[in-house]
Amino acid sequence: MRADRLVATLLFLQTRGRVTAREVAAELEVSERTARRDLEALAAAGIPVYSQHGRGGGWSLVGGARTDLTGLTAAEIRAMFLVAGPSAASPELRTALRKLVRALPATLRPDAEAASKAGVTDGTDWPRLPVTAGTPLLDALQGAVVDGLRIRLGYARPGSPPSTRTVDPLGLVTKAGVPYLVAGTDEVGGDAAAGSGHAGLRIFRLDRITSVELTADPVVRPEGFDLATAWRALAAPMEERMRGATVRGRAEPTAGRVLGVLFGGRLRLGGERADGWLEMEIDGPSPEVVAAQLAGLGARVEVLEPPEARERLARLGAELAGLYGEE
């Protein structure tokens with residue numbers, strides 16, 4: 001995109017001091033004509049860039065004006081490369097990082113290069129199944145968000161055939177390792193219905209997106225839209241549903257770690273009871289769902305209330321005993 005090229009051109013100017021359009025073209029892998037237009041665009045935008053004709057001429061920043069990569073500190077650059085520079089990154093990202101390293105002040109380059117090699121991203125879970133949507137779909141969504149273009153989105157909810165709708169992609173959010181698309185639609189409802197003041201906004205899980213087709217139509221962005229604010233409003237109903245009921249009981253001390261893995265912040269373990277067990281409270285969408293999740297711990301936990309949770313466990317126990325019990 002042109003905005004990327006303009007930033008890269010400015011950084012190249014800052015690093016070299018004086019450049020020719022041919023040198024810019026070679027560095028950014030564009031035509032000389034495109035490089036010249038970009039240099040002229042920087043000057044037109046108010047950047048103190050000027051050209052000098054003749055032998056030894058070229059383009060320079062007035063008075064050697066420069067910034068150290070828009071004022072980033074060494075710690076900020078290190079953090080950026082740690083996030084953006086794993087060895088599993090896309091070829092495009094690795095190319096961009098190499099160019100960025102060359103644009104850094106010499107004293108900051110060693111830390112940036114070391115940080116870019118300090119992490120690896122594995123896009124699968126332990127059984128080697130992908131944990132996000134396929135790269136082509138993710139790339140297409142990112143491009144649509146950045147370019148501000150509407151898309152025709154194929155989407156399949158669990159147990160339903162895929163459907164297609166036209167949406168305005170407004171941003172991508174990752175929560176607990178699961179990526180989501182926030183988009184504007186003409187529909188009501190979805191994975192997470194919009195809250196007050198966010199009518200028409202919906203959340204789409206990337207692993208349920210089946211196709212992405214770009215259109216030539218620009219995105220219609222709600223006035224004053226802020227992705228973080230919109231996400232909080234959209235996610236709130238989902239989080240409330242996850243805490244719609246509370247199950248209380250007791251657990252063996254040795255079960256505390258497993259419970260923590262299963263329920264995370266929805267688990268509250270209290271002090272030790274007179275019988276040596278721990279007080280236990282767990283929030284969930286319903287008593288029945290929490291009971292089903294606890295069933296695998298067997299006699300290491302005991303649900304005391306509500307009655308619906310105890311009844312669910314009793315039914316599960318009877319079903320399992322009927323299937324696996326001795327004849």
Side-chain angles (χ1 to χ4, degrees), residues 1 83 88-90 92-93 121-244 264 266 284-286 288-289 292-293:
M1 293 179 295
V83 172
S90 66
E92 293 83 0
L93 182 54
T121 298
D122 188 342
T124 62
D125 62 11
W126 289 109
R128 305 300 298 169
L129 297 174
V131 295
T132 64
T135 299
L137 294 184
L138 181 57
D139 290 346
L141 288 169
Q142 290 172 334
V145 170
V146 173
D147 294 339
L149 293 176
R150 281 185 168 181
I151 58 176
R152 280 186 284 273
L153 190 73
Y155 195 71
R157 298 188 187 93
S160 302
S163 60
T164 303
R165 79 281 320 270
T166 299
V167 304
D168 294 316
L170 301 172
L172 293 163
V173 177
T174 298
K175 182 177 178 65
V178 179
Y180 299 86
L181 169 70
V182 176
T185 78
D186 295 329
E187 306 171 42
V188 177
D191 283 357
S196 176
H198 293 271
L201 296 185
R202 291 180 59 188
I203 295 172
F204 299 92
R205 279 181 61 128
L206 263 67
D207 58 3
R208 296 176 185 168
I209 294 175
T210 57
S211 64
V212 176
E213 181 183 349
L214 292 175
T215 73
D217 300 324
V219 160
V220 177
R221 184 175 293 270
E223 184 177 354
F225 175 82
D226 175 74
L227 180 59
T229 301
W231 171 257
R232 286 193 294 270
L234 290 164
M238 298 175 67
E239 294 172 348
E240 289 176 6
R241 287 197 294 271
M242 290 299 295
R243 297 178 181 272
R266 295 185 287 130
S286 70
E288 293 81 3
V289 169
Q293 292 173 312

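This chain uses plain numbering: 1 for the first residue, then up along the sequence.
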Item to complete: Would you give the length of the straight line joining atom CD of Glu239 to atom NZ of Lys175, rounded to the nearest 0.5 angstrom?
Response: 4.5 Å
Discussion item. Tell me every residue that passes salt bridge (charged side-chain N to carboxylate O under 4.0 Å, His left out) with Arg243, counting only those two or more places apart in sequence or in another chain.
Written reply: Asp283
Worksheet item: Is there side-chain contact between Val220 and Arg150, with heavy atoms separated by less than 4.5 Å?
Response: yes
Practice prompt. Output all residues satisfying side-chain contact (heavy atoms from CB on, under 4.5 Å) with Leu214, sequence neighbours left out; order by chain, then residue number.
Written response: Ala144, Ile151
Worksheet, complete the sentence: Correct closest heavy-atom pair for Pro285 and Arg266 would be CD-NH1, 4.3 Å
Worksheet, complete the sentence: Heavy-atom closest pair (Val145 atom, Pro169 atom, distance to 0.1 Å) is CG2-CB, 3.8 Å
Discussion item. Are the side chains of Leu170 and Pro222 in contact, using a 4.5 Å heavy-atom criterion?
Written reply: yes
Practice prompt. Under the side-chain contact (heavy atoms from CB on, under 4.5 Å) rule, collect the residues that match up with Ser211, sequence neighbours excluded.
Written response: none
Worksheet item: Could you give the distance from CZ (Phe204) to CG (Leu141), rounded to the nearest 0.5 Å?
Response: 11.0 Å
Worksheet, complete the sentence: By side-chain contact (heavy atoms from CB on, under 4.5 Å), Pro162 pairs with (sequence neighbours left out) Ala156, Thr210
Discussion item. For a 4.5 angstrom cut-off between non-hydrogen side-chain atoms, does Leu206 reach Leu137?
Written reply: no
Worksheet item: Leu201 and Ala230: which non-hydrogen atoms are nearest, and at how many Å?
Response: CD1-CB, 4.0 Å
Worksheet, complete the sentence: Residues passing the side chain to side chain donor-acceptor pair (under 3.5 Å) test with Glu213, sequence neighbours excluded, are Arg152
Item to complete: Please check if the side chain of Tyr155 supplies one atom and the backbone of Arg205 the other of a donor-acceptor pair under 3.5 Å.
Response: yes
Worksheet item: Roughly how far, to the nearest 0.5 Å, is the CG atom of Asp207 from the CG atom of Leu138?
Response: 12.0 Å
Worksheet, complete the sentence: Nearest heavy-atom contact between Val182 and Leu234 is CG1-CD1, 3.8 Å
Worksheet entry | Set of side chain to side chain donor-acceptor pair (under 3.5 Å) partners for Thr215, sequence neighbours left out | none
Discussion item. Could you tell me if the side chain of Val212 sits less than 4.5 Å from the side chain of Leu153, heavy atoms only?
Written reply: yes
Discussion item. Applying salt bridge (Lys or Arg N to Asp or Glu O under 4.0 Å) as the test, list every pair that has at least one member in residues 216-225; sequence neighbours left out.
Written reply: none
Discussion item. If the condition is side chain to side chain donor-acceptor pair (under 3.5 Å), which residues does Gln142 pass it with, not counting sequence neighbours?
Written reply: none
Worksheet item: What is the distance from atom OG1 of Thr174 to atom CH2 of Trp231, rounded to the nearest 0.5 Å?
Response: 8.5 Å
Worksheet item: Mind checking what makes side-chain contact (heavy atoms from CB on, under 4.5 Å) contact with Ala228, not counting sequence neighbours?
Response: Asp226, Arg232
Response to the item:
dist Tyr180:OH -> Arg202:CZ (nearest 0.5 Å) comes out at 14.0 Å
Worksheet item: Under a 4.5 Å cut-off applied to non-hydrogen side-chain atoms, are Pro179 and Leu172 in contact?
Response: no
